[in-house]
Amino acid sequence: MIVTIDGVAASGKSSVASGVASALSIPYVSSGLLYRAATLLALEAGTSLSDAPALLSLLGAAPLRLEPLAGGNRIYLDTPDCPRELTADAHTSAVDAGVSALAQLPQLREWVNARLRALTPPFVAEGRDMGTAVFPQARAKFFLVASPRVRALRRVKERVGDVEAVEQALIARDEQDQLQSHPAADAQIIDTSDLDLAGVIAAVMAGLQERA
Ligand SMILES: Nc1ncnc2c1ncn2[C@@H]1O[C@H](COP(=O)(O)OP(=O)(O)OP(=O)(O)O)[C@@H](O)[C@H]1O
Ligand SMILES: Nc1ccn([C@@H]2O[C@H](COP(=O)(O)O)[C@@H](O)[C@H]2O)c(=O)n1
């Protein structure tokens, strides 16, 4: 079984996917973390975020390992002499600012999608295009939306920042991501603006029951 939870930036995908995965006692997979890790490594190496061959060469030499833990995905660079966890460094404003450029490259999308499709179900997969491009066969599909202001207010609770600036950055990232951020025709769209986290998880669980 595969459940997909897609949505716009900071709509609650990871938190909801984690809660749903825990309720189902299955892992969840954060596709965004793979894009973020690739972006982080590129930024650190000084590799252009629009140079697909250079990026694939960099990633080909990087022993990345994604741990799809229900409590929160973590990603590691298993360099023999210097293993390193990348999760926290992948969630910075610098990576936020660059990731969409890398994610626009078809070769990088295929690099991510191949890793996702190699996973063995059951799992919850969260991102932008899990229910459309990556797992169209998924048993249940959800797409989260929320107003930019609500998303910005949530984001500044976890990462210090100016709400106005964060809101504008989220709107900009939505714009850059729009090509891959459309709900599948059979996805249930959930506006999380006026729901707390438990309420969104309950709505997804109810949606799963309806599809049982
Ligand atoms: N319905 C909700 N009510 C209140 N807070 C929420 C809700 N959903 C998520 N949050 C909180 O908002 C913040 C962003 O959520 P989360 O990281 O899950 O979003 P995301 O869509 O995965 O973000 P990104 O696209 O940047 O990866 C987190 O602190 C999370 O706990
Ligand atoms: N399926 C996906 C997932 C992510 N992206 C790109 O990665 C960025 C970070 O994703 P988060 O879910 O961690 O915010 C996102 O802004 C997209 O640029 C994607 O293209 N497809």
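As the structure lists them, so they are numbered: ligands from 1, and atoms in each ligand from 1.
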**Item:** Proximal ligand 2 atoms for Gln180, defined as those under 4.0 Å from one of its heavy atoms
**Value:**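 With Gln180 as reference, the close atoms of ligand 2 come out as 19 (C), 20 (O).
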**Interfacing atoms of ligand 2 (cut-off 4.0 Å, heavy-atom, Val99)** =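 It comes down to these atoms of ligand 2: 7 (O), 8 (C).
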Starting from [atom], locate the nearest protein heavy atom and write down its residue, its atom name and how far away it is, to 0.1 Å.
atom	answer
atom 10 (O) of ligand 2	Gly32 CA, 3.6 Å
atom 1 (N) of ligand 2	Asp129 OD1, 2.9 Å
atom 3 (C) of ligand 2	Ser31 OG, 3.4 Å
atom 14 (O) of ligand 2	Arg173 NH1, 2.9 Å
atom 5 (N) of ligand 2	Tyr35 CD1, 3.5 Å
atom 28 (C) of ligand 1	Glu158 OE1, 3.5 Å
atom 13 (O) of ligand 2	Arg36 NE, 2.6 Å
atom 16 (O) of ligand 2	Asp177 OD2, 2.6 Å
atom 12 (O) of ligand 1	Arg154 CB, 3.3 Å
atom 12 (O) of ligand 2	Arg128 NH1, 2.9 Å

Can you sort out which atoms of ligand 1 are near [X], meaning under 4.0 Å from one of its heavy atoms?
X	result
Gly12	8 (N), 9 (C), 15 (O), 16 (P), 18 (O), 19 (O), 20 (P), 21 (O)
Ala10	19 (O), 20 (P), 21 (O), 23 (O), 24 (P), 25 (O), 26 (O)
Asp196	1 (N), 2 (C), 3 (N)
Ala9	25 (O)
Leu197	1 (N), 2 (C), 3 (N), 8 (N)
Arg173	26 (O)
Arg128	25 (O)
Arg36	26 (O)

Polar-atom distance check: [X] versus ligand 1, any N or O pair below 3.5 Å?
X	result
Arg155	yes
Val16	no
Val200	no
Arg159	no

Ionic contact status for [Y] with [X], cut-off 4.0 Å:
X	Y	result
Arg117	Glu110	yes
Arg74	Glu67	no
Arg84	Asp78	no
Asp96	Arg159	yes
Arg151	Asp174	yes

**Message:** Would His91 count as being in polar contact with ligand 2, using the rule that some N or O on each side must be under 3.5 angstrom apart?
**Reply:**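 The answer is no, given that His91 and ligand 2 share no N or O pair closer than 3.5 Å.
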**Prompt:** Are any of the N/O atoms in Arg109 less than 3.5 Å from those in ligand 2?
**Reply:**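 Indeed, backbone or side chain, Arg109 has an N or O that close.
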**Asked** Got a sec: does the CD of Gln209 have more than 12 other heavy atoms crowding it under 6.0 Å?
**Response**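 For Gln209, atom CD is not crowded (no more than 12 foreign heavy atoms under 6.0 Å).
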**Item:** Enclosure of Leu69 CG (heavy-atom neighbours >12, cutoff 6.0 Å)
**Value:**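 Enclosed: over 12 neighbouring heavy atoms sit under 6.0 Å from CG of Leu69.
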**Asked** Counting heavy atoms only, which part of Leu195 comes closer than 4.0 Å to ligand 1: side chain, backbone, both or neither?
**Response**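 Just the backbone.
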**Request:** Pick one of side chain, backbone, both or neither for how Lys13 approaches ligand 1, counting any non-hydrogen atom pair under 4.0 Å.
**Result:**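 Contact part for Lys13 vs ligand 1: both backbone and side chain.
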**Request:** Report the member of Ser14, Ala198, Gly32 with the shortest heavy-atom distance to atom 27 (O) of ligand 1.
**Result:**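 Checking each option, the heavy atom nearest atom 27 (O) of ligand 1 is found in Ser14.
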**Message:** If you take the nearest heavy atom of each of Gly72, Ser11, Ser15, Ala203, which one is closest to atom 30 (C) of ligand 1?
**Reply:**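 When every heavy atom of Gly72, Ser11, Ser15, Ala203 is considered, Ser15 comes closest to atom 30 (C) of ligand 1.
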Test your reading of the model: is there a side-chain donor-acceptor pair from [X] to the backbone of [Y], 3.5 Å cut-off?
X	Y	value
Lys13	Val8	yes
Ser48	Ser50	yes
Asp129	Gln180	no
Ser57	Pro53	no
Arg128	Ser181	no
Thr47	Ala54	no

**Message:** In this structure, would Val99 and Met130 fall into the same cluster of hydrophobic residues linked by side-chain contacts under 4.5 Å?
**Reply:**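 In one cluster: yes.
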**Message:** Before you tell me yes or no, could you show the steps for Met205 and Leu24 under side chain to side chain contact (heavy atoms under 4.5 Å, CB included), namely the whole-Å CA-CA distance, both residues' side-chain angles and the distance that decides it to 0.1 Å?
**Reply:** CA-CA 9 Å; Met205 295 306 291; Leu24 298 173; 3.7 Å; yes
**Request:** Check step by step if side chain to side chain contact (heavy atoms under 4.5 Å, CB included) holds for Gln188 and Arg211.
**Result:** CA-CA 11 Å; Gln188 178 181 342; Arg211 292 163 176 79; 3.4 Å; yes
**Asked** Side chains of Glu126 and Thr4: is there a donor and an acceptor less than 3.5 Å apart?
**Response**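 No, because no side-chain N or O of Glu126 sits under 3.5 Å from a partner of the opposite role on Thr4.
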**Asked** Which is it for Ala103 and ligand 2 at heavy atoms under 4.0 Å: side chain, backbone, both or neither?
**Response**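 Under 4.0 Å from ligand 2, Ala103 contributes side-chain atoms alone.
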**Request:** Could you pull out the closest heavy-atom pair between Ser31 and Val112, with the gap in Å?
**Result:**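 Nearest heavy atoms, Ser31 then Val112: O-CG1, 4.3 Å.
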